[in-house]
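Below is one structure, written out as structure tokens; the observations come after it.
All values below come from the heavy atoms of this structure, side chains included, with hydrogens, waters and symmetry mates left out. Numbered from 1 within each chain, the chains take letters A, B, ... in sequence-line order. This is a predicted model, so every value here is computed, not measured.
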Amino acid sequence: MDTSTLLSTGLEPARVRFAPSPTGRMHIGSARTALYDYLLARRTGGQFILRIEDTDTKRTVPGAEQELMDGLRWLGLEYDEGPDVGGACGPYRQSERRELYHEQVTILQEKGAAYPCFCAPDRLERVRRERQKQKLNTGYDGLCRSIDPDEARRRIADGERHIIRFKTPRQGSTTAVDVLRGPITVPNSQIDDYVLIKSDGLPTYHCGAMVDDHLMAITHVIRGSEWLSTFPLHALIVRAFGWEEPVWIHLSVFLKPSGKGKMSKRDTSVALDSGYSIYVSDLRDFGYVPEGVLNWIVLMGWGVSEGDVMTLDQMVDRFDIANLSPAPAAINFSKLDHFSGTHIRALRTEDLAARIKPYFTSAGLTVDDARLLRIVPLIRERLVTLDDCLPFAAWFFKETVEPEPEELIGKNLTAAQSADVARKAYEILAGLPAITLTTAEPPMRHLISDLGLNANQVFGILRAAVTGQTVSPPLFESMEIVGKEKVLERVSRAIIILEKM
RNA sequence: GCCCCCAUCGUCUAGUGGACCAGGACGCAGCCCUUUCAAGGCUAAAGCUGGAGUUCGAAUCUCCAUGGGGGCACCA
């Protein structure tokens with residue numbers, strides 16, 4: 001089947017939908033599906049649609065839908081149609097499309113491809129156990145298939161509780177084509193008479209998704225491989241309606257970092273303990289940049305031969321569904337760090353400044369924008385996540401710093417020797433018209449050789465004195481920003497501390 | 001138990017019968033740079049799950065085995 005390649009190379013605009021159920025937090029698996037949806041839509045000049053599949057009223061959790069929308073927007077995956085933006089095929093919440101499903105399923109019943117079932121849950125349970133004992137497939141036994149349509153109508157009119165089932169062909173087999181795997185054939189005996197409409201009147205996924213994909217003119221269905229087993233059923237339903245099938249693409253699953261099995265609750269908490277998470281909002285809170293997260297997840301299940309650092313637009317240019325991988329992928333968090341840091345380094349100074357500013361203000365610091373702009377180039381290549389800006393630069397916005405006395409002592413020196421070094425450095429710095437990298441470094445280098453010490457020892461003392469910490473951005477550039485007055489003040493304070501030791 | 005899917009360095013992957021003594025990236029190791037921490041540069045180690053076939057020729061096609069994954073709900 002070459003249609004997939006054809007369609008994905010931009011000849012025809014694709015209408016693609018991301019259809020999550022609002023039952024929990026948005027994780028990277030969903031994000032990656034949405035990303036691929038988005039890429040295919042943009043690549044072909046089509047539309048990317050958000051549809052909320054909230055037909056399980058018991059499992060729907062408040063706030064989940066909002067988290068989904070926030071997550072998509074944070075990642076930069078703007079959708080063209082959706083619950084909060086509208087569109088020509090709305091409503092975009094399945095719970096608001098009840099009548100539509102009933103209309104369609106009625107048509108299916110008239111075609112003889114669906115039927116009402118009055119069996120109570122406890123009978124279903126009994127049947128299931130019985131068939132299991134006989135080593136048969138644990139499906140519905142089809143009892144209600146034989147009910148006369150008129151009698152069924154009467155019972156429904158009497159208000160009898162019922163559901164609608166799909167009448168799966170008993171004989172033969174069904175073949176459906178997945179872009180990544182080719183034709184998949186399953187004997188029809190393996191496909192149950194699945195429920196289409198539940199007794200609460202809402203459709204199951206099998207019904208809701210198929211009806212909506214058709215009504216919304218979806219051309220490509222990208223979803224998780226957990227749907228592979230019911231894939232032939234879905235093809236059967238679409239065909240029973242007489243509709244054209246979309247192009248089907250089943251993505252691989254994400255495995256835990258070890259590659260042995262999928263992420264469990266335990267794996268999730270282990271990740272959390274190391275500062276990682278599979279949840280999109282956590283990643284945002286941890287200071288990862290969306291560009292990095294996107295680059296990270298896009299490469300799990302898709303590959304490029306070279307040049308794997310990409311922006312969203314660059315992904316759009318290169319994306320092709322035919323290159324997706326059907327094999328499961330193990331999550332690799334250290335790669336997330338790599339892509340996050342790489343994209344942070346690529347940000348323009350103003351952009352990065354705007355992104356890290358909130359971290360300082362949240363820490364209770366008052367941020368001077370002009371100063372922040374000068375700090376950014378100094379810390380840019382040191383950040384893996386945005387919140388790393390705090391340990392590197394928070395001290396810039398503090399009136400005073402509090403170095404640990406021991407840290408003021410130079411390597412292999414005594415406190416007294418260190419005080420002496422600090423005094424000499426003070427004199428040199430005090431004699432300068434202004435402290436900058438170009439004015440301060442040469443004389444300080446001279447001091448080092450005059451004293452017969454090394455740069456590490458002398459700069460270490462000054463670093464602790466001026467920044468209050470042992471790890472910091474480059475010393476002289478930092479001093480330049482802090483200003484001569486404050487540098488001298490801090491060095492003299494360090495001298496006093498050292499003399500008291 | 002039944003059905004379905006998958007299989008290239010530790011991990012993500014490129015590879016679509018000859019251009020592959022298998023390319024890139026992360027990580028790891030070493031070296032260089034260096035003012036701490038980074039970043040950057042260079043170098044190295046590391047792989048086609050196994051077995052049968054098809055073919056002049058297989059990582060690439062077929063079959064089997066093994067391993068892994070998914071599913072068997074009035075959940076999605």
Would you kindly check whether a donor in the side chain of A/Ser229 faces an acceptor in the base of B/C4, or vice versa, at under 3.5 angstrom? no

Check: A/Ser277 side chain, A/Tyr279 main-chain N or O, donor-acceptor pair, under 3.5 Å: yes

If only side-chain N and O atoms of A/Arg161 are considered, is one of them under 4.0 Å from the OP1 or OP2 phosphate oxygen of B/C74? no

For A/Pro121, which contact category applies under a 4.0 Å heavy-atom criterion: base, sugar-phosphate, or nothing? base

List for me each residue that meets side chain to side chain contact (heavy atoms under 4.5 Å, CB included) alongside A/Glu160, sequence neighbours excluded, and say none if there are none. A/Phe118, A/Arg155

So what's B/G17 paired with, Watson-Crick or G-U wobble, going by both distances under 3.5 Å? none

Hey, is A/Asp193 close enough to A/Lys167 for a salt bridge, meaning N to O under 4.0 Å? no

Treating A/Thr175 as the side-chain partner and A/Thr185 as the backbone partner, does any N or O pair qualify as donor plus acceptor under 3.5 Å? no

Using the C1' atom on both, measure B/G51 against B/A14 and round to a whole Å. 27 Å

Pairwise P distance for B/A22 and B/U60, with rounding to whole Å: 16 Å

For B/C48, the nucleotide meeting Watson-Crick or G-U wobble distances (both under 3.5 Å) is none

State which of B/C74, B/C4, B/C75 makes the closest approach to the side chain of A/Ile184. B/C4

Please name the nucleotide paired to B/A29 by Watson-Crick or G-U wobble geometry with both distances under 3.5 Å, or report none. B/U43

For the P atoms, the ones on B/A58 and on B/A19, what distance do you get once it is rounded to whole angstrom? 11 Å

Side-chain N or O of A/Lys262 less than 4.0 angstrom from OP1 or OP2 on B/G69? no

Its contact letters, B for base, S for sugar-phosphate only and - for none at protein heavy atoms under 4.0 Å, make nucleotides 37-47 of chain B read BBSS-------

Kindly give the heavy-atom pair with the smallest separation between A/Leu39 and A/Met315, and that separation in Å. CD2-CB, 3.7 Å

A/Phe18 ring centre to A/Arg51 NZ or CZ under 6.0 Å, with the angle to the axis within 45°? no

Separation of the C1' atoms in B/A45 and B/G10, to the nearest angstrom: 12 Å

Is it true that A/Arg463 and A/Glu407 make a salt bridge, defined as a side-chain N closer than 4.0 Å to a carboxylate O? no

Is there a side-chain contact between A/Arg223 and A/Ile249 (heavy atoms, below 4.5 Å)? no

Would you say A/Lys260 places a side-chain N or O within less than 4.0 Å of OP1 or OP2 belonging to B/G67? no

Any base atoms under 4.0 Å from A/Gly208, or only sugar-phosphate, or nothing? Heavy atoms, all strands. nothing

Distance, rounded to the nearest Å, where A/Arg223 contributes CZ and B/G71 contributes C1': 12 Å

A/Thr60 and A/Thr57 side chains, donor-acceptor separation under 3.5 Å: no

Considering only B/A73, B/U36, B/C4, which nucleotide approaches the side chain of A/Val186 most closely? B/C4

Aromatic contact, A/Phe333 with A/Trp296 (centres under 6.0 Å): yes

Please report the distance separating the P of B/A46 from the corresponding atom of B/G41, rounded so that it comes out in whole Å. 24 Å

Can you tell me, in whole Å, how much space there is between the C1' of B/G18 and that of B/A59? 13 Å

What nucleotide among B/C74, B/C3, B/C75 has an atom nearest to a side-chain atom of A/Pro187? B/C3

Of the listed B/A73, B/U36, B/A76, the closest approach to the A/Arg463 side chain comes from B/U36

Taking the minimum atom-to-atom distance to the side chain of A/Ala330, which one of B/C6, B/C12, B/A76 wins? B/C12

Please report the distance separating the P of B/G24 from the corresponding atom of B/A44, rounded so that it comes out in whole Å. 10 Å

Quick one: what's the B/S/- string for nucleotides 14-26 of chain B, heavy-atom cutoff under 4.0 Å, read 5' to 3'? S--------BSBB

Can the ring centroids of A/Tyr205 and A/Trp227 be said to lie less than 6.0 angstrom from one another? yes

Across all strands, who's sitting opposite B/C2 as a Watson-Crick or G-U wobble pair, both distances under 3.5 Å? B/G71

Given the C1' atoms of B/C28 and B/G47, what is the spacing between them in whole Å? 16 Å

Among B/U35, B/A76, B/C5, which nucleotide sits nearest the side chain of A/Phe459? B/U35

Stepwise, does the side-chain hydrogen bond (donor to acceptor under 3.5 Å, both in side chains) test hold for A/Thr311 with A/Gln314? CA-CA 5 Å; A/Thr311 61; A/Gln314 290 170 323; 3.3 Å; yes

Rounded off to whole Å, could you give me the OH-to-C1' distance for the A/Tyr194 and B/C75 pair? 12 Å

Side-chain atoms of A/Pro326 come closest, of B/U35, B/C6, B/G71, to B/C6

Proximity to the side chain of A/Arg165 - top-ranked nucleotide from B/C74, B/G70, B/U35: B/C74

